[in-house]
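Structure first, then comments.
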Amino acid sequence: MTGLRTWFETRSLRERRLLVAMAALMVVTIIWAGIVIPVRDGLESSRARYDDAVVRLATTRADVDAVAAARRRPRVTGNLSDAIRQLADQAGFTIGTLDDQGAGRVHVTVEAARPGAMSAWLASLESRGILVDAATLKDSGNRSLTADLILKARAS
């Protein structure tokens, strides 16, 4: 160490100032590259992992809520044909045919319905415990469709 001090003191004042400035810049560079950049990168990756975990948690909670809601869906009580006729009347659909096929299944035809209203009605049937077993929807022109449906009651 004394050899380095002797070497440094033999330099001119201008050279010593330049060497001190160079050493200070080297210390700043080492601190920046060795401490600041790794800490910043670590914080960014932890923020990204946190954001990903929040999204996964929200998705999982939504899935759990969907499963819980599926368990709470009601079953149809009473006659399935009467329930479908009542729900169709409430939705404003005119039923062409309504045939009870037994075993909790009903064949229904609707002659004219708007597509959006039909899909909303089918969704409301499902929320009441009536499932679509088969469906044939055909465009009948003038923005309406005909529906040939086989509906069944939800099993327990």
| task | Compare every heavy atom of G34 with every heavy atom of P38, then report the nearest pair and how far apart it is. | result | CG-O, 3.5 Å
| When clusters are formed by joining ILVMFWY residues with side-chain heavy atoms under 4.5 Å apart, either directly or through shared neighbours, do W121 and I150 land in the same one? | no
| query | Could you walk me through whether T59 and V55 pass the side-chain contact (heavy atoms from CB on, under 4.5 Å) check? | reply | CA-CA 6 Å; T59 303; V55 168; 4.3 Å; yes
| Sidechain-backbone polar pair: T109 side chain, D148 backbone, donor-acceptor under 3.5 Å | no
| message | Looking at every heavy atom in both L149 and A135, which two are closest together, and how far apart are they? | response | CD2-CB, 3.5 Å
| message | Assess, by modelled atom type and distance only, whether the side chains of H107 and D100 contain a donor and an acceptor separated by less than 3.5 Å. | response | no
| Is R5 atom CZ crowded by more than 12 heavy atoms from other residues, nucleotides or ligands, each under 6.0 Å away? | no
| Rounded to the nearest 0.5 Å, what separation is found between the CG atom of L151 and the CG atom of L122? | 7.5 Å
| Atom of F93, atom of A112 and distance for their closest heavy-atom approach | CD2-O, 4.5 Å
| Heavy atoms of other groups near R17 CZ, more than 12 under 6.0 Å | no
| Gap separating the CZ atom of R47 from the CG atom of D51, nearest 0.5 angstrom | 9.5 Å
| task | Provide the closest heavy-atom pair for M118 versus A113 in the form atom of the first, atom of the second, distance. | result | CE-CB, 3.7 Å
| Considering all heavy atoms, the nearest L87-L125 contact | CD1-CD2, 3.4 Å
| request: Establish, from distance only, whether the side-chain atoms of N142 and S144 form a donor-acceptor pair under 3.5 Å. | output: yes
| query | Do E111 and T94 have side-chain heavy atoms sitting under 4.5 Å apart? | reply | no
| said: Grouping I, L, V, M, F, W and Y whenever their side-chain heavy atoms are under 4.5 Å apart, do V20 and W7 come out in a common cluster? | reply: yes
| request: Report yes if some heavy atom in the side chain of R105 is under 4.5 Å from a heavy atom in the side chain of D133; otherwise report no. | output: yes
| task | Go through the steps for R56 and D52 under the test salt bridge (Lys or Arg N to Asp or Glu O under 4.0 Å), then give the verdict. | result | CA-CA 6 Å; R56 283 186 287 128; D52 183 50; 3.1 Å; yes
| Does any N or O in the side chain of E15 come within less than 3.5 Å of the main-chain N or O of S12, such that one atom is a donor and the other an acceptor? | yes
| field | Linked, directly or transitively: L4 and M22 (ILVMFWY side chains, under 4.5 Å) | value | yes
| What do the steps show when you test K138 against L145 for side-chain contact (heavy atoms from CB on, under 4.5 Å), and what is the final call? | CA-CA 5 Å; K138 294 181 183 175; L145 56 84; over 6 Å; no
| task | Output the distance between atom CG (L98) and atom CG (D82), rounded to the nearest 0.5 Å. | result | 8.5 Å
| field | Non-hydrogen atoms of I95 and I84 that approach each other most closely | value | CD1-O, 4.3 Å
| request: Look up atom CD in Q86 and atom CD in Q90, then write down how far apart they are to the nearest 0.5 Å. | output: 5.0 Å
| message | Taking the side chain as everything from C-beta on, heavy atoms only, tell me whether K152 gets closer than 4.5 Å to I130. | response | no
